[in-house]
Every structure is written in C-alpha cells, then in structure tokens.
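Notes follow once the structure below has been shown.
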Amino acid sequence: MPYDDLRSFLNTLEKEGQLLRITDEVLPEPDLAAAANAAGRIGDGAPALWFDRVKGFTDARIVMNVHGSWRNHALALGMPKETSTREQVEEFARRWDAFPVAPERREDAPWRENTVTGDDIDLFDILPLFRLNDGDGGFYLDKAAVVSRDPDDPDHFGKQNLGTYRMEVIGRDRLALQPVPVHDIAQHLRTAEEQGRDLPVAITLGNDPVVPLVAGMPLRYDQSEYEMAGALRGAPMPIATAPHTGLDVPWGAEVVIEGVVESRVRQIEGPFGEFTGHYSGGRRMPVIRIERISYRTDPIFESLYLGMPWTECDYLVGPNTCVPLLKQLRAEFPEVRAVNAMYTHGLLVIISTAKRYGGFAKAVGMRAMTTPHGLGYVTQVIVVDEDVDPFDLPQVMWAQSAKVNPKEDVVIIPNLSVVELAPAAQPAGVTSKMIIDATTPVAPDVRGNFGTPAKDLPETAEWTTRLRSLLARR
Amino acid sequence: MHSSDSGRSEAADAAPVCPRCAHDGVRAVAHSPVPGVWQVLQCARCLYMWRTTEPARRTRRADYPAQFRLTEHDIATAAEVPAVPALRTR
C-alpha cells in the first residue's frame, strides 16, 4: 500500500528499524545538521533521524534523512528494504512507464485543522527553523514542494508545477526563492512578471514519501508531477485544494504555506551549500510574501542536510537521473544493461553494456553525452562490460584498473556544453568531456590479453539474493 | 556570568553588529519558546540570520570566515537571478 502522508511512512521506517529517535537534548545548531551530515557518512543502511528534544523549543518535532539511504528509498517506493540499488532503479524505470495516473481529489485534508492569516503569520511559531552549513545565509526550507500554475494557461493541470526549490527564511512571513531559469516555476514567474502580476504559490512541507521524488524529477513542462506520483505509487495520488490560492496540493502534507511571489522584486539571498558540494548564492532573488498557513496539529518539520556528497539529496535525485538516461540509451542500443548516473546529477555516469563489435562501448559513451540530460551534465562516462554492476563501485574500479589501456581507451573531447554551476567548467558552461572505455575489447578490436576471465559462478546471483534476504531478516 | 533568564543580554554581548557584513542594524526576529535560551537575530542590510547559541564562527564578526563576508558593494552589485523581464506591451 502506498503512503498517503509522512506520518504513516515514519511508522513503517520505525517498524523496519530505519528511524532512529535521538532522545538526548540537542542544540538546534550545530547538532541537527551535523547529525544528518553524519548519517551520510555511516553507510548504506543509515536511518531517518527524529528529534523532539531541541534546546529552547517546547514542542519541536524534526525529522531528517527520511530518504537518506537505499533502504529508506526502497521503503518509500514500497519495495523490500534489502532491494539492491540497481533493482530499485530498474523498478523505478518500470513504474515510470505507467504514467499518467490521474490523482484522486479529497477534501478532508488533515492540514485544515489549524490556520493563521494576515498579521498573525509567524513562521517561527509553527516551524522549528535551523541552519545547516556554516556559510548559509540563514535558515532554509529545502525539502518543500512548491506548486504554481502557468499564468497564461491556469486551467491546464499538466502545466501546474510541483517542484523542490530552495527557500531562505528572510522574515516572519517572507521567503527568498531560487527559481533557476531552466526550472518550470521560472517560466511561470517570467510570464507573471511580464504582465506585472504576482505569482500565487503553495508550499507544502512534510509530504508523503513519493512527493519529494517527483518534485525533483525532470519531467516535460506539460507533464503533471501528480500523475507521475500516481505511476510511482501504483495508485492515484491524493490531492486537495489549497483554500487561499486554489492550487492543487498533496492531501497528506504537514504544513501548507500559501502566498505570492511578488512581481518584479529581488532581494539578497544565500549563500547555501548546494548539491554540487559547493556554496552558491549571494545573488538577488525573488521574494515570497506569505498570506496563509494551514497545518496539522503538532506538525512535523521535515528537512534534509546537503553539502559535500553523499547526502540525502543524492538518494532523492539519483534514480531520477539514471532512469531517463537508461531509457534514452536503450531506445537505440538495447545492449545497455544499466546506467548509474548518481554522481552530482550525472556529471559522471557509469554505463554497463554488451558490445556489438569493437568500438561499440565508446559509441555508447558518446551517445550518453548527446542525450538531452547529457548535454548539460554528462562530462565523464565510464563504460563497463555487461557483467559489471555499475552501482558496485569496487567492481567498476576493478574493470577500470584491469581493462583500460589509457592511450587508446581514454578519449577526451574539448569545448562541450555543461550546466554553468559545474564547478570545474572553464568558462562556466563549457568543459571538456571524457570517455573511459573499461570494457573487454571484442573483434575486430583484439587488443590485450583477456582470453581467460574468471567469471562469477552461475549460481552466485541466486545466492546473492538469498544472503541479502537472510541478512535483512536477522 | 550573566543572567540566563533572558536571551537579550547574551545577544547583546555576542552580536553587536552583523557577523557577515558588520552592519549595526540588527533586530530580533524570534525568541526561544523556553524563555531566555536564545534569540534569532537578523541583519537589516544583508538579511543574514543567526541564532545567538550558534558557534562563534557564525555569530561573532571577529570569527566569521572571510570567504563568506559581504560588503555593502557586494550586496548592491549582486547578480539578479532570474533577471526581471521586460513588461509585456499590448
């Protein structure tokens, strides 16, 4: 059964041993962020972290790292927690094919229990806000979904957007918003600002576990994230009407903040430690004026730590980045077995493929660079054989160490496109790109001495599944 | 030792100016629900926001890292993202 809200998912995480309650009193800074940062350093099975004894607060309920391990990611999608990363990405791709699944409208949303409006609005009354990284300009909402509509086509359900954008708290009722120009909300805002109008928005915090996955997914402009959530859930996504703006929002949210992006206004924002492992900001950004907040009684504040990878953010966007590349490559090259594009949104990609003939693997690497996502991200490709799991990095390193003859198997192409925020680009937006062909040469490419490989035993795959399952049930 | 029954005295000691841009227009935007434990302060110029109980590297001008400091010029010349578009004309 899919989860309709965050609370029911937290119950499952706790039952599965994947939610850790921190019972000692902690400081809001630096403890909350440092604990979530540490969760990313303790390995694949890291739990979600629950805090309710935070110094100075009387009734804070804070949860972090909810999606911050492959176990938790599997559980969010209703898979057994021991499901391998590769299988999770395959299942994600399979469910994607069910798109679109129409949402189900419900009007009894639990966040209708409490409301504040006008001069009574004070974010600090409702949310136990805190800082993540030393250089951050303030306290951020970094795991909220922001809903907006196309001002020129407000009745088009698919053009209504649900996306995760960083928001800095700059006052009791004001937020700064980062709409990067390629994002859908930036298109909505541009249209509104060309007309001199404010852009209504609804910000939903503490959502069911599929919302953060679809809110970071690179869908087409007119494709609905709610219809994708239905596909990933295997059941219609429950939505409700936000009372002040009329926007469609997740039924199960903990908090719904409504207001407007003020037209043609910019204020200083940031910096903020970003997914690239570097800060960005110190720029003048749009501002949201909050006009109404609705919230569940005793709301849970969900946040995520991001900084130097790996962090929760990498689990959230990893499969989203692998799946489109996998689908686009397989459409032309069915030999492609798996794609691991989880490093910094796919700046580095590892592809596992069978070979048609000598030179084929390098062609697959070049194709990855010319996919729509590849144009902006894929700067390094490691291509490995069909029996190497691209999600198993020691295996990938073995392939690279044993199979690569650098002079012939490393190809560097100068002056190609990349997103401007890629830290190594020079100038911003332009980079060289590299293919490392770590596959075994096949005819007519007869280089090397690869005649007698030691292969996994035929029975090993079955035993791998058996051992994983036994270990998970201990 | 100063009194712990109010965050005010602690804030006054720790942050007479903005740690980031050295502006003296600092105001309290929030007080701890448990009285006197902390305040959240904000600079009126660069909007930097901090809690009085955060480490000195985030709350004291002298300890604030050089790479994150801002000047009045930095704020005035910061890039606009996204740029405000031209108004549509009929």
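Proteins come first, then strands; the chains are lettered A, B, ... in the order of their sequence lines, and each starts at number 1. When reading the values below, keep in mind they use all heavy atoms of this one structure, side chains included, and skip hydrogens, waters and symmetry mates.
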Review point. Is any NZ, NE, NH1 or NH2 atom of the basic residue among B:Arg58 and A:Glu29 found under 4.0 Å from an Asp or Glu carboxylate oxygen of the other?
Key: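 The answer is no: the pair does not qualify as a salt bridge.
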By a 4.5 Å heavy-atom criterion (distance strictly below it), what part of [X] contacts chain B: side chain, backbone, both, or neither?
X        : value
A:Leu123 : neither
A:Phe130 : both
A:Arg190 : both
A:Phe124 : side chain
A:Asn133 : backbone

Over all heavy atoms of both residues, which pair between [X] and [Y] is shortest? Give the atoms and the distance, please.
X        : Y        : result
A:Thr58  : B:Pro33  : OG1-CB, 3.7 Å
B:Glu80  : A:Arg266 : CG-CG, 3.4 Å
B:Arg20  : A:Gly137 : NH1-CA, 3.6 Å
A:Ile268 : B:Cys46  : CG2-O, 3.4 Å

Under a 4.5 Å cutoff for heavy-atom pairs, which residue among [options] has the most contacts with chain A?
options                            : answer
B:Pro82, B:Cys43, B:Ala86          : B:Pro82
B:Arg45, B:His31, B:Gln67, B:Glu54 : B:Glu54
B:Ser32, B:Pro65, B:Ala78          : B:Ala78

Check your understanding: Do the non-hydrogen side-chain atoms of A:Asp134 and B:Arg57 ever get within less than 4.5 Å of each other?
Key ->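 In short, these two side chains touch, coming nearer than 4.5 Å.
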Name the option with the most non-hydrogen atom pairs under 4.5 Å to chain B; the candidates are [options].
options                               : answer
A:Ser263, A:Pro271, A:Pro28, A:Pro128 : A:Pro28
A:Gln267, A:Glu168, A:Lys55           : A:Lys55
A:Asp59, A:Asp125, A:Asp152           : A:Asp152

Which portion of [X] sits near chain A, non-hydrogen atoms under 4.5 angstrom:
X       : value
B:Pro55 : side chain
B:Gln42 : side chain
B:Arg27 : side chain

With distance as the sole test, does [X] use its side chain to make a donor-acceptor pair with the main-chain N or O of [Y] at under 3.5 Å?
X        : Y        : value
B:Arg88  : A:Glu193 : no
B:Arg51  : A:Arg131 : no
A:Arg264 : B:Pro85  : yes

Check your understanding: Considering residues, nucleotides and ligands other than A:Glu113, do more than 12 of their heavy atoms fall under 6.0 Å from its CD?
Key ->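 Enclosed.
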Point to revise | Rounded distance [0.5 Å steps], CG in A:Asp136 versus OH in B:Tyr48 | key: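 That separation rounds to 9.0 Å.
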Check your understanding: Can the ring centroids of A:Phe139 and B:Trp50 be said to lie less than 6.0 angstrom from one another?
Key ->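 Here the rings of B:Trp50 and A:Phe139 have centres that are no less than 6.0 Å from each other.
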